[in-house]
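Have a look at the structure below, then the notes.
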Amino acid sequence: MGLLDGKKAVIFGVANERSIAWAISEALHAAGAELGFTYAGEMLEKRVRPLAEGIGSKIILPCDVTKDEEIKHVFQTLKSSWGGLDILIHAIAFANKEDLSNPYAQTSRAGFHLALDVSTYSMVALTREAAALMEGRGGSVITLTYMGSEKVVPNYNVMGIAKAALEASVRYLAYDLGPKNIRVNAISAGPVKTLAAAGISGFKDMLHYAAERAPLKRNIEAEEVGRAALFLASDLSAAVTGEVLHVDAGYNIVGM
Ligand code: NAD
Ligand code: IMJ
């Protein structure tokens, strides 16, 4: 008996086996959930398809979240194949590389729009579609955020603004969807060496810095985010909604 036996989950944000979304997928799969996956463009299909097929997934679809028609197609397929949905995982973020190195004040209008479209609005669009498939059965929506929304983290820049808006979206979506027993929460993860982190100059130093200062005196593992997501996806967290759960070895609580 798994915590998620018979549950259907769709995962947005797997790029490779290091993705936080993949660690979450493994945790949900081990608990008995059936998973569907999307990938952002043909380049990533060759990475995502073998991972997904390896855990028996049948639904593997392209979805660039800046394209409404691709989002629609994903949820139409989920409706015809599964007839409903229980869990949505949103683990997507993107900003132009130069906007993560230049001073924040230099962010262009186009760069600002792109970061908030991909990293923030996508959560609203996907949650709206997911909620239609969760009608009458309830559900759990989970997104990924980072402490750069609450405090200045050098170079996080426009992503910090996108994550602040994402966390506020979690609260507003939780309020809207609560009456349908659809819960909406975020996990604020500590730094993990994924594709989204690999391109950041000085990332290794950031890992050391965080590990030295965190109460647990270490960094986190993606699997630990997976287990927190299992909690938020399952009935263990039945009364938790609108929450930002920090999975960061306690780093965020430290003032000095
Ligand atoms: P990752 O690179 O493995 O995942 C990011 C995903 O975003 C990729 O799968 C990519 O394909 C997807 N994506 C980008 N643009 C897209 C688009 N237009 N349409 C659809 N998908 C798109 O890196 P990750 O670290 O696993 O990131 C997942 C989430 O976790 C992100 O929201 C990130 O902000 C968050 N997060 C990461 C860390 C960290 O240190 N790695 C810490 C806290 C939060
Ligand atoms: C990203 C930038 C600066 C500092 C950072 C990060 N720290 C951490 C991250 C300290 C942990 C990773 N993170 C939490 C992200 O959300 C990353 C998002 C991201 C990364 C890239 C790199 C490649 C690119 N665009 C990106 N857009 C968003 O071109």
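Counting starts at 1 for both ligands and their atoms, in listed order. This is a predicted model, so every value here is computed, not measured. Atoms considered below: every heavy atom in the structure, side chains included; atoms not considered: hydrogens, waters and symmetry mates.
Distance check on atom 14 (C) of ligand 2: some protein heavy atom falls below the 4.0 Å cut-off. For atom 10 (C) of ligand 1, the nearest protein heavy atom lies 4.0 Å or farther away.
Taking the ring centre of Tyr209 as origin, the terminal cationic atom of Arg213 falls inside the region bounded by 6.0 Å and 45° from the ring axis.
With Ser19 contributing its side chain and Asn16 its backbone, the two residues share a donor-acceptor pair below 3.5 Å. Looking only at distances, no side-chain donor or acceptor of Asp86 sits under 3.5 Å from a matching main-chain atom of Ala9. Here the side chain of Asn185 pairs no donor or acceptor atom with the backbone of Ile142 at under 3.5 angstrom.
The number of heavy-atom neighbours closer than 6.0 Å to NZ of Lys151, taken from other residues, nucleotides and ligands shown, is 12 or below. For CZ of Phe203, the number of neighbouring non-hydrogen atoms (other residues, nucleotides, ligands) closer than 6.0 Å is greater than 12.
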Please assess Ser140 against Ile182 for the test side-chain contact (heavy atoms from CB on, under 4.5 Å), listing each intermediate value before the final yes or no.
CA-CA 6 Å; Ser140 174; Ile182 298 169; over 6 Å; no
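Using a 4.0 Å cut-off to heavy atoms of Pro191, the atoms of ligand 1 that qualify are 40 (O). Atoms of ligand 1 found under 4.0 Å from any heavy atom of Leu195 (numbered from 1 in listed order, with element): 2 (O). In summary, the atoms of ligand 1 found under 4.0 Å from a heavy atom of Thr145, numbered by their order in the structure, are 43 (C), 44 (C). Residue Leu44 approaches ligand 1 through these ligand atoms, each under 4.0 Å from one of its heavy atoms: 11 (O). Heavy-atom contacts of Met206 reach the following atoms of ligand 2: 7 (N), 10 (C) (cutoff under 4.0 Å). Near Gly13, with a cut-off below 4.0 Å to any heavy atom, the atoms of ligand 1 are 4 (O), 6 (C), 8 (C), 9 (O). Counting the atoms of ligand 1 from 1 in the order shown, those under 4.0 Å from a heavy atom of Cys63 are 19 (N), 20 (C). Interface atoms of ligand 1 facing Ala40, defined by a heavy-atom separation under 4.0 Å, are 11 (O), 19 (N), 20 (C), 21 (N), 22 (C). Listed by number with element, the atoms of ligand 1 under 4.0 angstrom from any heavy atom of Asp64 are 17 (C), 18 (N), 19 (N).
The protein atom (non-hydrogen) at minimum distance from atom 25 (O) of ligand 1 is Thr194 OG1, 2.5 Å. Closest protein heavy atom to atom 5 (C) of ligand 2: Tyr156 CD1, 3.8 Å. Nearest protein heavy-atom neighbour of atom 8 (C) of ligand 2: Phe203 CE1, 3.7 Å.
Between Glu224 and Arg218 there is a salt bridge, with a side-chain nitrogen of the basic residue lying less than 4.0 Å from a carboxylate oxygen of the acidic one. Salt-bridge check for Glu34 with Lys7: failed, with every basic side-chain N at 4.0 Å or more from each acidic carboxylate O. One finds a salt bridge joining Glu135 and Lys180 here, because a Lys/Arg side-chain nitrogen approaches an Asp/Glu carboxylate oxygen to under 4.0 Å.
In terms of N/O distances under 3.5 Å, ligand 1 is approached by Lys163. Between Ala189 and ligand 1, no pair of N/O atoms sits closer than 3.5 Å. Not a single N or O atom of Asn16, backbone or side chain, sits closer than 3.5 Å to an N or O atom of ligand 1. Where the criterion is an N or O separation shorter than 3.5 Å, residue side chain and backbone included, Thr66 fails it with respect to ligand 1. The shortest N or O to N or O distance between Ile20 and ligand 1 is below 3.5 Å.
Contacts of Tyr146 with ligand 2, taken as heavy-atom pairs under 4.0 Å, involve the side chain alone.
The heavy atom nearest to atom 12 (C) of ligand 2, out of those in Ala115, Ala196, Gly148, is found in Ala196. Atom 6 (C) of ligand 1 has its nearest heavy-atom neighbour, among Ala21, Ala15, Ala23, Ala91, in Ala91. Nearest-heavy-atom check against atom 24 (C) of ligand 2 across Ala95, Gly199, Ala93 picks out Ala95.
Within the 4.0 Å heavy-atom cutoff, Gly190 counts among the residues contacting ligand 1.
Aromatic ring pairs are classed by plane angle as parallel below 30°, tilted from 30° to 60° and perpendicular above 60°; the pair Tyr146 and Tyr156 is perpendicular.
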